[in-house]
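This report refers to the structure that appears directly beneath it.
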Amino acid sequence: MDTRRIASIAVFTSLIVVGGLISVPIPFTQVQLSFQTVFVVLAGMFLGGRDGALSVLIYIVMGLLGLPVFTQGGGVGYILMPSFGYLIGFPVGALLTGAILSKSKKHTRGRAFAAALTGMIPIYAIGIAYQVSIVHFYLGYEWAAALAGVPAILVLAVKDGVLCGLAACLYPSVRRAIRSRRSKRNAQSAECGQIIQYRR
């Protein structure tokens, strides 16, 4: 694994941490505007499925080791938190998003958005199932109470879908900029190699 790849993974791990710690309430609603899910999806978009999932797994390991990177702290005990299921779904979502885009010949906004939405499905599916299970089986609430929070979660899913849509709009431009920068670096490296050979 080269230095550039390690740095890219570290950047997205940091963005996922920041995205979970920043939470802005939306006026007149009980919905919190956070950016964690969209950064997870972006990790899959720009790093690919494998490295995107790796950046998320590093984040999860950091939290389980006790670093306060989760929204409500950290530590192994976080496994019993109802929201831990979403963390389990994060690497799956990043892996799926990256895998879908890697098979696309044309990286358009529409395909990026479709990949992002598809990547969100396991995040919310695993998250909701885990949350309901913890609330019912571990906390001892009745099924009705355990399922009562699902409508609010679906509102959050719509919010994350909108954020992923905005990210997808920027995806082709950012991808072209990254490719252009890499091409310039490769050209400069090749030029430097030719100069060294000439001097020898």
Side-chain angles (χ1 to χ4, degrees), residues 1-24 32-103 112 115-139 146 149-150 152-153 156-157 159-161 163-164 167-168 171 174-175 178:
M1 186 179 292
D2 58 24
T3 305
R4 187 182 304 170
R5 185 178 167 193
I6 294 173
S8 299
I9 292 172
V11 166
F12 272 95
T13 299
S14 302
L15 288 173
I16 293 168
V17 172
V18 173
L21 297 178
I22 296 177
S23 183
V24 181
Q32 298 285 326
L33 179 62
S34 64
F35 300 91
Q36 193 165 42
T37 302
V38 70
F39 283 139
V40 168
V41 172
L42 284 173
M45 281 184 178
F46 292 108
L47 300 182
R50 182 181 59 182
D51 286 355
L54 180 58
S55 68
V56 181
L57 288 173
I58 292 172
Y59 161 73
I60 294 173
V61 171
M62 288 168 57
L64 292 178
L65 290 175
L67 296 177
V69 295
F70 296 152
T71 54
Q72 299 182 44
V76 178
Y78 209 89
I79 293 175
L80 296 176
M81 296 285 289
S83 60
F84 187 74
Y86 298 95
L87 299 179
I88 298 174
F90 279 168
V92 182
L95 180 65
L96 185 58
T97 301
I100 292 172
L101 281 178
S102 66
K103 294 180 180 179
L117 290 182
T118 305
M120 283 177 54
I121 292 174
I123 295 175
Y124 277 92
I126 296 172
I128 292 174
Y130 193 93
Q131 178 172 327
V132 171
S133 298
I134 289 293
V135 172
H136 177 68
F137 293 108
Y138 179 69
L139 298 179
V150 173
I153 295 171
L156 294 176
K159 177 266 298 180
D160 284 329
L163 290 177
C164 286
Y171 173 73
V174 175
R175 184 178 175 83
I178 293 173

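Being a predicted model, the structure only gives us computed values, none of them experimental. All values below come from the heavy atoms of this structure, side chains included, with hydrogens, waters and symmetry mates left out.
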Checklist entry - Any side-chain heavy-atom pair from M81 and I134 closer than 4.5 angstrom? => result no
Item to check | Centroid-centroid under 6.0 Å between Y59 and F12 rings | outcome: no
Checklist entry - Within a strict 4.5 Å, meaning less than it, do heavy atoms of the V150 and I128 side chains meet? => result yes
Item to check | Steps toward side chain to side chain contact (heavy atoms under 4.5 Å, CB included) verdict (Y78, S83) | outcome: CA-CA 9 Å; Y78 209 89; S83 60; 3.7 Å; yes
Checklist entry - Can you check whether Q36 reaches L15 side chain to side chain, under 4.5 Å on heavy atoms? => result no
Checklist entry - What is the minimum heavy-atom distance between F46 and V174, and which atoms define it? => result CE2-CG1, 3.5 Å
Item to check | Sole candidate of T13, I6, V11 that passes side-chain contact (heavy atoms from CB on, under 4.5 Å) when paired with I9 | outcome: T13
Next on the checklist: Looking at every heavy atom in both A112 and Y171, which two are closest together, and how far apart are they?
Outcome noted: CB-CD2, 3.5 Å
Next on the checklist: Can you list everything that forms a side-chain contact (heavy atoms from CB on, under 4.5 Å) with A146? Sequence neighbours excluded, please.
Outcome noted: V132, V135, H136
Checklist entry - Are F84 and L80 close enough that some pair of their side-chain heavy atoms sits under 4.5 Å apart? => result no
Next on the checklist: Nearest 0.5 angstrom please: F39 CZ to S14 OG, how far?
Outcome noted: 11.0 Å
Next on the checklist: Using 0.5 Å steps for rounding, measure from the CG atom of L117 to the CG atom of L96.
Outcome noted: 11.0 Å
Checklist outcome for this item: Value for CG (L64) from CZ (F70), rounded to nearest 0.5 Å, stands at 4.5 Å
Next on the checklist: Testing the basics here: between A94 and V40, what is the closest heavy-atom pair and its distance to 0.1 Å?
Outcome noted: CB-O, 3.6 Å
Next on the checklist: Restricting to non-hydrogen atoms, name the atom on G19 and the atom on S34 that form the minimum distance, rounded to 0.1 Å.
Outcome noted: O-CB, 3.9 Å
Checklist entry - Knowing that exactly one of V92, L87, I88 qualifies, which makes a side-chain contact (heavy atoms from CB on, under 4.5 Å) with F90? => result L87
Item to check | Straight-line distance of L21 CG to F35 CZ, nearest 0.5 Å | outcome: 13.0 Å
Checklist entry - Which of these, I16, L163, I123, L42, sits in a side-chain contact (heavy atoms from CB on, under 4.5 Å) with T37? => result I123
Item to check | L95 versus A53, closest heavy-atom pair with distance | outcome: CB-CB, 4.1 Å
Next on the checklist: Is there a side chain to side chain contact (heavy atoms under 4.5 Å, CB included) between L47 and S55? Walk through the geometry before answering.
Outcome noted: CA-CA 9 Å; L47 300 182; S55 68; 4.2 Å; yes
Next on the checklist: So, taking the atom named SG in C164 and the one named NZ in K159, what distance separates them when rounded to the nearest 0.5 Å?
Outcome noted: 9.0 Å
Checklist entry - At what distance, to the nearest 0.5 angstrom, does CG of D51 lie from CZ of R5? => result 4.0 Å
Checklist entry - Judged by modelled atom types alone, do Q131 and Y86 share a side-chain donor-acceptor pair under 3.5 Å? => result yes
Item to check | Heavy-atom closest contact (L101 atom, A115 atom, distance) | outcome: CG-CB, 3.8 Å
